[in-house]
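The structure appears right after this line, and notes come after that.
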Amino acid sequence: MAPCIVSCVVLMLLCCMRLSAAAVYNVGSFGARPDGRTDASEALAAAWSVACRSTEPATVLVPNGQFLVSHAAFAGPCSGRMTVQIDGTLVAPSGYTGGGSSGGEGEWIVFDHVDGLTVSGGTLDGSGESLWACKAAGHDGCPDGATSMKVLNSRDVMISGVKSVNSELYHVVIDGCEGVTVQDSRIVAPESSPNTDGIHVQSSSAVTITGASIQTGDDCISVGPGTSNLRVEHVSCGPGHGISIGSLGKESEERGVENVTVSGATFVGTENGLRIKTWGRAARSSAYVRGVVFEHALMRDVSNPIIIDQNYCPNDGGHGCPHQSSDVQISGVTYTDIQGSSASQVAVKFDCSASKPCSGLGLQDIKLTFDGGKPTEATCQHADGTASGVLVPPSCL
Ligand SMILES: *[C@@H]1O[C@H](CO)[C@@H](O)[C@H](O)[C@H]1NC(C)=O
């Protein structure tokens, strides 16, 4: 009697252990070596492919150590919910030029068509230094570079505790997705690194970015066409170019941006704080920006704390601007409880389009001071709206 019970229990335990173990696919078992030199791309692809076919929730585990990865494409659809748990570091090869695409912008780690995805932990090192050096030296032949992590055409995605350093281009891009949460991420690249945006969102809805610390050479968070219902909360930016909606209105067939809330952001030493930017060109665009709430932001030494720039026209003239006015309609944008210091005298700048003036702007409880011994100013061009509460600088609306 007793021996039977014991063996039954042992069998059951073994059974359970096998069941739970079966759902974790350690890339080490697929040949990945944590030596920072051996390309683990094939091992990652093999582990993903088996895990993706698993009917129960499956985890691809990258254990501790440095794994060289030249390219990783994690494609769905998969049979069950997928988790990629990264305990170690994925390192891109130095001098990397993109994900095998011929010319244009490349991508390093890509998730495409994966509904029900968690990416947790780990460090992604884009090894961007040699590409930045090429761009800084002004060489013509420099490649555009690669985005470190792209999440494309996916629903129900959680990206948690991921650290991304030194990308060649954007650190994280979310495009064509619905229902994405990015939480507790750290993004680090030098202030001088070109085009190393932190997190870029476009053509996506219901995205939440919460609790991020982002130091880069370009935008902290950038919001592209076709974004709706985006929440950004408790993000700290700097150095870098701040949080930006746009650039929009470069192309004619372009979708708008609707319902963006940025709450509790801090900016230290950034070029901009809260920015909306459209090309100063008559692109016959039907794009718009509407329903934007900027609230509870803290600024320190920010050159343009609050700015709407509808006359964006880099390399004057090259793109059918300047001396044109933007087609992008900006409406319903409120700024509430924005405090701190401006590094320039103009702390609030609404430079809107002559042909599509901004409407429904709102300023409430703004306290932005300038250390240069002069009071801050607000300037308005083609801007309409209301102001209330404490207003430093005085409102121009
Ligand atoms: C934007 O928010 C409003 C108000 O909550 C809502 O009615 C509208 O459907 C939202 N837009 C989109 C594209 O979800």
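Reckoned from all heavy atoms, side chains included, excluding hydrogens, waters and symmetry mates.
N153 contributes atom CG, which lies 12.5 Å from atom CD1 of I174 (distance to the nearest 0.5 angstrom). Rounding to the nearest 0.5 angstrom, the gap separating the CD1 atom in I209 from the CD atom in Q183 is 12.0 Å. For the atom pair CG of D219 and CD1 of I199, the computed distance is 12.0 Å after rounding to the nearest 0.5 Å. Expressed to the nearest 0.5 Å, how far CG of L61 lies from CG of N26 amounts to 4.5 Å. Here the OG atom belonging to S41 is positioned 9.0 Å from the CD1 atom belonging to I109, to the nearest 0.5 angstrom. The OG atom of S213 sits 14.5 Å away from the NE2 atom of H234 when rounded to the nearest 0.5 Å.
Looking only at distances, no side-chain donor or acceptor of T208 sits under 3.5 Å from a matching main-chain atom of V180. At least one donor-acceptor pair under 3.5 Å links the side chain of T376 to the backbone N or O of L368. The backbone N or O of K250 sits less than 3.5 Å from a side-chain atom of R281, completing a donor-acceptor pair. One N or O on the side chain of D365 and one on the backbone of V390 form a donor-acceptor pair closer than 3.5 Å. Under the 3.5 Å distance criterion, the side-chain polar atoms of Q364 are left unmatched by any main-chain donor or acceptor of G389. Between the S204 side chain and the Q202 main chain, a donor and an acceptor come within less than 3.5 Å of each other. Using modelled atom types, no side-chain atom of W132 and backbone atom of N166 make a donor-acceptor pair closer than 3.5 Å. Within the 3.5 Å criterion, the main-chain N or O of G249 finds no donor-acceptor partner in the side chain of T278. With hydrogens and angles disregarded, no donor-acceptor distance shorter than 3.5 Å links the side chain of N272 to the backbone of G242. Side-chain atoms of Q66 do not come within 3.5 Å of backbone N or O of V91 as any donor-acceptor pair.
In this structure, F370 has no ring pair (Phe, Tyr, Trp, His ring centres under 6.0 Å) partners at least two apart in sequence or on a different chain. Considering only residues two or more places apart in sequence or on other chains, F350 meets the ring pair (Phe, Tyr, Trp, His ring centres under 6.0 Å) condition with Y335. With sequence neighbours excluded, the residues that form a side chain to side chain contact (heavy atoms under 4.5 Å, CB included) with E191 are P239. Judged as a side chain to side chain contact (heavy atoms under 4.5 Å, CB included), and not counting sequence neighbours, the contacts of D35 are R33, R37, T38. E254 is linked by a salt bridge (Lys or Arg N to Asp or Glu O under 4.0 Å) to nothing, counting only residues two or more places apart in sequence or in another chain.
Nearest heavy-atom pair, I214 versus G198, reported as atom, atom and distance to 0.1 Å: CG2-CA, 4.0 Å. The shortest heavy-atom contact between P305 and A347 is CD-O, 3.4 Å. Taking each heavy atom of G145 and L131 in turn, the nearest pair found is CA-CD2, 3.4 Å. Heavy-atom minimum distance, A265 versus F267: CB-CE1, 3.7 Å. Taking all atoms of both residues into account, the shortest heavy-atom contact from S54 to E56 is OG-O, 2.9 Å. Pairing each heavy atom of A72 with each of L44, the nearest pair is CB-CD2, 4.2 Å.
Side-chain polar atoms of S205 and E178 form no donor-acceptor pair below 3.5 angstrom. A donor and an acceptor atom, one from each side chain of S303 and E271, are nowhere located under 3.5 Å apart. With 3.5 Å as the limit, one finds no donor-acceptor pair spanning the side chains of D87 and N64. Between the side chains of S120 and T118, no donor N or O sits under 3.5 Å from an acceptor N or O. Residues S263 and E295 have side chains that bring a donor and an acceptor to within less than 3.5 angstrom of each other. No side-chain donor from either of D125 and T89 sits under 3.5 Å from a side-chain acceptor of the other.
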Do T216 and D218 pass the side chain to side chain donor-acceptor pair (under 3.5 Å) test, and can you show the C-alpha distance, the side-chain angles, and the key distance before you say yes or no?
CA-CA 6 Å; T216 62; D218 208 302; over 6 Å; no

So L90 and W108, side-chain contact (heavy atoms from CB on, under 4.5 Å) or not? Walk me through it.
CA-CA 10 Å; L90 305 184; W108 179 37; 4.1 Å; yes

Show the numbers, then the answer: is there a side chain to side chain donor-acceptor pair (under 3.5 Å) between S326 and S353?
CA-CA 5 Å; S326 172; S353 165; 5.1 Å; no

Derivation of the side-chain contact (heavy atoms from CB on, under 4.5 Å) call for F30 and E42:
CA-CA 8 Å; F30 291 80; E42 280 183 24; over 6 Å; no

Could you check K150 against D175 for side-chain contact (heavy atoms from CB on, under 4.5 Å), going step by step and ending with a plain yes or no?
CA-CA 8 Å; K150 274 192 187 177; D175 187 356; over 6 Å; no

Going through the distances and angles, do V260 and L230 end up as a side-chain contact (heavy atoms from CB on, under 4.5 Å)?
CA-CA 5 Å; V260 175; L230 167 67; 4.0 Å; yes

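Residues in residues 149-204 take part in these ring-ring contact (aromatic ring centres under 6.0 Å, His included) pairs, two or more places apart or across chains: Y170-H200.
Annotation: side chain of R186 is in contact with side chain of Q215 (closest heavy-atom distance under 4.5 Å). For the pair V172/V182, no side-chain contact is recorded, criterion being any heavy-atom separation below 4.5 Å from C-beta on. By the 4.5 Å heavy-atom criterion applied to side chains, C237 and I243 are counted as neighbours. Q310 places none of its side-chain heavy atoms less than 4.5 Å from the side chain of Q381. P143 is not listed as a side-chain neighbour of E168, based on a closest heavy-atom distance of 4.5 Å or more. Using a 4.5 Å heavy-atom cutoff, the side chains of E107 and V173 are not in contact. Counting heavy atoms from C-beta outward, F74 and L117 have side chains that stay 4.5 Å or more apart. Side-chain contact between C358 and V333 is absent, with no heavy atoms from C-beta onward closer than 4.5 Å.
One hydrophobic cluster holds both V114 and V151 under the rule that ILVMFWY side chains link at heavy-atom gaps under 4.5 Å. Transitive grouping of hydrophobic side chains (ILVMFWY, heavy atoms separated by less than 4.5 Å) keeps I338 and V293 in distinct clusters. The same ILVMFWY cluster, assembled from side-chain heavy atoms under 4.5 Å apart, contains both I159 and I86.
Put simply, the residue from I245, I308, V292, V257 that forms a side chain to side chain contact (heavy atoms under 4.5 Å, CB included) with I330 is I308.
Counted within 6.0 Å of NZ on K356, heavy atoms from surrounding residues, nucleotides or ligands total more than 12; the atom is thus considered enclosed. Shown here is Q345, whose CD atom has more than 12 heavy atoms of other residues, nucleotides or ligands within 6.0 Å. Under a cut-off of 6.0 angstrom, the local environment of NZ in K367 is sparse, with at most 12 non-hydrogen atoms contributed by other residues, nucleotides or ligands.
Remark: SG of C380 is not found under 2.5 Å from SG of C352.
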